[in-house]
Amino acid sequence: MFTTLSYLSWAVSAVLVAWMVYDWIKTDASHSEALLTSSREGEIEAATEKHRI
Amino acid sequence: MLEGLQPLLGLVLAGALGLVLLRQFQRNRAAAAASRGRLFGEVANLLAEPNFQAMPEPDHPILHGRFRGLPVQLRAVVDTLATRKLPSLWLMVTVPVPTGVGAVFDFMMRPASASTFSNYDQLPHIISAPAGWPPDGIARSDNPLPLPAAERLEPALKLLGNARAKEFLVTPQGVRFVVQLAEADRARYGVFRQAEFGDVVVSKPFLAEVLTGMAEVIDNLRAERKAA
Amino acid sequence: MTDAVVSSPVGAAPAQRVSLLRVLGPAHVWALGVGIVLVGEYTGWNFAVDKGGALATLIVCWFVGVLYTSVAMIDSEVTSTVAAAGGQYAQAKHIVGPLMAFNVALYLVFAYTMLQVSDAILVGDLVVTVAGTEGLQRHAFVVLTIVVLAWLNYRGVLMTLNVNFVITAIAYVAIVVLFFAVQPWSQGTVLKLGELVTPDNALPYGWIGVIAAFHFGIWFYLGIEGTTQAAEEVRSPARSLPYGTMAGMITLLIGAAMTWYVCASLLPWEYLGFTFFPLYDAARITGSGFLETLMFWGTVLAAVASANGCINDAARAWFSLGRDRYLPTWFSAVHPKYRTPYRSILFLLPIALAFAFIADLNQAITFSILSGLLGYTFMSINIVMFRRKWPLGSIRRGYTHPFHPMPALALLALCIVTYFAVFLGYGSQLIAMTIFYIIVSVWFHFYRYKYVRRGDQFTMPWPKPVGY
């Protein structure tokens, strides 16, 4: 049983690492370096989107 | 027989624990979302035309509105990125109107750790703050020459007198005041690096003072621009 | 000016009263003393028994524990004075300089990365032992532990997950339960301290063994500076910080004593000296399935909590190095959605995994201890420089620790003894580590220093230091 668990562990680890690497590449590709290393909230922007409540 | 039962028992316990954690997680997500919704509960009627901009979890919604005719944005930001420092919940009060200043004036209190909610660290020049401003804050700018006159920013001094005030920012695009709403619970941070702030509700009289002060600064800056 | 920023009836309370309560509530005492550190009772300390025998370990445990109060006191003074910035990294920037700050941050990163690796190895090995399956290796579970926690940190999940304290308290409660379950008041029933620790084997290597035992004795408390250094934005009345720290220290001292007593009374010292999980083994000897299961979960929980804190802190330290340009600013990216230092987390992940494969538990612990020791050595030098550059009265200190420079000297003495102890058993590792830090310091000085914005390093409103 534990042997199965160990295979499962390898599988889960591989999936999570793949997910992280994929997310990292995706994030780096879709945002500029300047944006990632600076603060987006730090910029003052006029509101572009409004939802009435 | 008992020998073989033990790992099974262990697994069952693990599974039960996992289920308990999962259900707790779901319940807490709902509770946290509700708590975030209540953050601006008391101050929404301070603004004219209040409306919420929903943000993806786990961000707080942004409250837009108008105060004395000026557009206002209220945003709460969770900051967990400072090393060895309790996470903070910052309130950013922004009035995004053109101010006509020639350069950015960013005054940050206690800038000893990285400020990831602000672009303060990216500003290249350290400038001396006007006389009378709090000594444990440091001002920065992107261009030290065309700065707004110190007297115009005076109403901000009162705001910075609050022990939890963090940043006062004046840019050509608007004015912002950042204050700490809450700090993470030390025990939960110590054990699991959690950012647990409890139920936080922004106080109405406090926000009224902040908005009044900021409106005065903007009036001053506009007057300066007209005079120039 | 209205001082009450929030109006929540639940959250807000008069600042004075709350800060003391916030530190001394039972959950907080536990968290302060425990967090990253409790895992030191579940593993690692017992390697000191191999170095010097059971009695040596007890001596070292108390000695190191009492001397760790120096760490706590010194740290409280500097942390309470350098406002809004936690950790020796920020302190080094202000009191010594960028090169020292760079080194200090690296000490932190490596101490905690290796601690994380130790935690993962512990979990993996424990699972393999419990499994009892022929040929099963621990690597799968070690990797799983590291990767899952890294993923949780990448996504920032645990920051919002509200884990019930009852569950997390199991790790400490388990030790207490075990202690009382073995009827410590009646030696001979379950505990056989008199049989297992005799005058012959109490100090099998004599007094040099006691020195050698310092190597691992420090593991009981390593990391406590991490919990005490979590700085607040606005310095609260400083009295509360040392009380909380002392409470945490006492919690650990009691835990260490109980752990030693139970383990030395149940396990023969030769075995105690090399097992990976002394408490679990002690529980197994009692024959009680309940105790065994309790210890299993206590070990796993302590290790996982510790590893999580390590990944969190190490990644943020690396991130800070990037922000300050001590390292390429590439590392200072913040994930736009999860708001975590994702690149730093990902960068440190393969390093942790590599060590998890290469190193054995005692090697990983030794690496961690060495980096921690360097941090403590810095701390003792730092406080002396701090008091000399800004003497008492020249700046406002939140807390002033007594008997200066005694605690600093005591700390320095402890460090020197432990370096020597490590050298006795792991001389090559000590030398390798020294060479490593020399190389990175040289790299920093020649290649990186030009990017550092020197003017930005000093942010405190302090007067010019004495001598400038």
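Heavy atoms only: backbone and side chains are in, while hydrogens, waters and symmetry mates are out. Sequence lines set the chain letters: A, B, ... in the order given, protein chains first and strands last, and positions in each chain run from 1.
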If you measure from [atom1] on [X] to [atom2] on [Y], what distance do you get to the nearest 0.5 Å?
X: A:Phe2; Y: C:Phe141; atom1: CZ; atom2: CZ; answer: 7.0 Å
X: A:Leu36; Y: C:Thr329; atom1: CG; atom2: OG1; answer: 11.0 Å
X: A:Leu16; Y: C:Leu144; atom1: CG; atom2: CG; answer: 8.0 Å
X: C:Tyr342; Y: A:Asp28; atom1: OH; atom2: CG; answer: 4.0 Å
X: C:Arg155; Y: A:Trp19; atom1: CZ; atom2: CH2; answer: 4.5 Å
X: C:Ile345; Y: A:Met20; atom1: CD1; atom2: CE; answer: 8.5 Å

Going by atom types alone, do A:Asp23 and C:Tyr154 pair a side-chain donor with an acceptor below 3.5 Å? yes

So which part of A:Leu5 gets closer than 4.5 Å to some heavy atom of chain C, the side chain, the backbone, both or neither? both

Who among C:His139, C:Lys337, C:Arg323 has the most heavy-atom pairs with chain A under 4.5 Å? C:His139

Using a cut-off of 6.0 Å, state whether more than 12 heavy atoms not belonging to [X] lie near its atom [atom1].
X: A:Tyr7; atom1: OH; value: no
X: A:Trp24; atom1: CH2; value: no
X: A:Lys26; atom1: NZ; value: no

Taking the side chain as everything from C-beta on, heavy atoms only, tell me whether A:Ser9 gets closer than 4.5 Å to C:Val143. no

Where on [X] is there a heavy atom nearer than 4.5 Å to chain A: the side chain, the backbone, both, or neither?
X: C:Val128; answer: neither
X: C:His335; answer: side chain
X: C:Thr133; answer: side chain

Would A:Ser6 and C:Leu136 satisfy side-chain contact (heavy atoms from CB on, under 4.5 Å), going step by step from the backbone distance to the final call? CA-CA 8 Å; A:Ser6 78; C:Leu136 184 68; 3.9 Å; yes

